[in-house]
Amino acid sequence: MPEWYVSGGLALGAILFLMFLSMPVAFAFLLVSFGGMYWLVGMPGVSQVIANASVSVTHFVFLPIPLFLLMGELFFNAGVAKKVFDAVDTLIGQMRGRLSYVTIFGGTTFAALTGTSMGNTAMLGSLLVPEMSRRGYAKRMSMGPILGVGGLAILIPPSGLGVLLGSLAKIDIGRLLIAGVLPGLLLAAIYLVLIWVMIRLDPASVPEDGPVYHPLSEKVRVIFTHILPLSVIIFMVIGLILLGIATPTESAAFGVLGVLIVAYAFGGLTWGAITRSLRGTVKVTTMILLIVAASSTFSQLLAFSGATSGMIRAVSAVELSPVMIVVVMFAILLFMGMFMDQASIMMLTIPIFFPIAQAQGFDLIWFGIIMLLALEMSGVTPPFGLNLFVMLGVAPKGTTMAEVATAGLPFLGCGLLLFMIMVIEPHVALWLPSLMVR
């Protein structure tokens, strides 16, 4: 058997080469895993990998994924999202740069109801960018907040990537989802401060919005008819897990039920909306389960070849402090985000990073949130962050990728600030999970 760094390097190099040739990510991992096991063991190894791959996608822990996806699809297709935005706009009232603030408040609410960063970005972009452009908002003040808050769906439950990460890394999914709540809300608050600073430094970047007055009776009505029902849905997803009343799967089912009821009450629950939601859920779920199978086989290849244990020994031998090890891994994730999608990054790094994190004595829930934050930021890292392309698709005609990427840079800085806060004070991520009823 070759040295661990030879087998590990060949496996990673082969995957990157196949991805460069535009082979779908999951198929690239499966092909390399089967080829590697055949090279190391022969046909018995390939047969074992196939058996383990089928077992890996039949765990009960994956059930929240299609339910969370269905919840987000219904939220968008039934028109509930627009009503949320209108309600938040009514409650905020008059304020210079009002729509930039509305983006953060509305986007944070969307994140707690959708679980998908690209969907969150697309919905906010299509709803807000045309109107903000018409009113005279600078592109950095219209697109920047959307790029920032769009990624919160990765941190704040229901997070589809959070469930996937917890499943692949074999950590408690419920605790991981709850751990993302406080960092996600803190990041949203940092975004609000950034917008305030940007407006103070350049008042001309936002228009002087005309008088917007909503009587108290209208605000109270909006709270009871729009905000309160959605708050109940959010409680069904987050509160039931935190109180130990429901598992992530059960809370996801309650969330779907809640969105169905609200969509029906709002008049948006049509057969067309249901059909589109189910079709979208099936497509994405199939892709995710294929990714799970591929990642499972790749982890087996690394473990059998000795690459995993060899990398742990190599990192342990390097005289770096635990903090520096986290910083290096975070930097690698951000660098990979410049060229790869989030699922590919997870599949490549989870089999390597989590054993290292465990060997260093890190809390794996905390490290999982650190990784989710890096994945959230990777959606906005140029040149190939996926959310940049989503934003470019809904931006005003003539907008360049450079303008979109520049608009997102200050919000990437907010993510780095949150990373430093969590490294200095891990309880930002661990406090809420510590309150969970077991």
Side-chain angles (χ1 to χ4, degrees), residues 63-93 99 102-116 119-128 131 149-150 152-153 156-160 177 181 185 212 214-243 245-246 248-282 284-285:
L63 194 53
I65 293 177
L67 292 174
F68 282 148
L69 289 172
L70 179 58
M71 182 178 164
E73 291 282 346
L74 288 167
F75 180 74
F76 289 133
N77 290 315
V80 179
K82 188 177 186 306
K83 293 186 181 296
V84 172
F85 166 72
D86 292 339
V88 172
D89 192 24
T90 299
L91 293 176
I92 288 181
L99 292 184
V102 169
T103 299
I104 303 302
F105 284 109
T108 304
T109 305
F110 291 172
L113 292 165
T114 63
T116 165
N120 208 18
T121 303
M123 173 59 69
L124 289 167
S126 59
L127 281 176
L128 294 172
E131 178 65 16
V149 79
L152 285 182
I156 297 178
S159 167
L177 291 176
V181 174
L185 294 178
V212 178
H214 297 284
L216 180 61
S217 59
E218 184 180 357
K219 292 184 178 181
V220 172
R221 180 187 62 81
V222 164
I223 289 174
F224 279 96
T225 59
H226 290 71
I227 302 300
L228 190 59
L230 296 173
S231 301
V232 173
I233 296 174
I234 294 172
F235 174 77
M236 287 179 175
V237 175
I238 300 175
L240 295 181
I241 298 176
L242 182 60
L243 295 175
I245 298 174
T249 301
E250 293 164 344
S251 69
F254 278 120
V256 172
L257 177 62
V259 173
L260 284 170
I261 294 172
V262 170
Y264 177 78
F266 287 171
L269 191 61
T270 63
W271 282 114
I274 294 174
T275 302
R276 289 192 299 272
S277 299
L278 290 173
R279 187 182 297 117
T281 300
V282 170
V284 179
T285 301

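Numbering starts at 1 and runs along the sequence shown.
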Smallest separation among heavy atoms of Val237 and Phe68, with atom names: CG1-CE2, 3.9 Å
Any Ile233 side-chain heavy atom under 4.5 Å of Leu230 side chain: yes
Minimal non-hydrogen separation, Pro248 against Leu177, with atom names: CB-CD1, 4.3 Å
From CA spacing to verdict: side-chain contact (heavy atoms from CB on, under 4.5 Å), Trp271, Ile274: CA-CA 5 Å; Trp271 282 114; Ile274 294 174; 4.3 Å; yes
Nearest-0.5 Å distance that lies between atom CE in Met71 and atom CG in Leu260: 10.5 Å
Distance, nearest 0.5 Å, that separates CG of Leu278 from CG of Leu74: 7.0 Å
Candidate pair Tyr264 and Thr270, rule side-chain contact (heavy atoms from CB on, under 4.5 Å), full reasoning: CA-CA 8 Å; Tyr264 177 78; Thr270 63; over 6 Å; no
Approximate separation, where rounding is to 0.5 Å, of Glu250 CD and Met236 CE: 13.5 Å
Minimum heavy-atom distance Ile223-Pro229, with the two atoms named: O-CD, 4.4 Å
Interatomic spacing from CG in Leu128 to CG in Leu99 - rounded to 0.5 Å: 6.5 Å
Closest approach of Thr108 to Ile156 (non-hydrogen atoms, all atoms of both residues): CG2-CD1, 3.9 Å
Heavy-atom closest pair, residues Thr103 and Val149: O-CG1, 3.7 Å
Spatial distance of atom OG (Ser251) from atom CD1 (Ile234) [nearest 0.5 Å]: 13.0 Å
Stepwise side-chain contact (heavy atoms from CB on, under 4.5 Å) check, Phe254 with Leu240: CA-CA 9 Å; Phe254 278 120; Leu240 295 181; 3.6 Å; yes
Shortest non-hydrogen contact between Gly268 and Ala273, atoms and distance: O-CB, 3.8 Å
Rounded distance [0.5 Å steps], CZ in Arg279 versus CD in Glu73: 10.5 Å
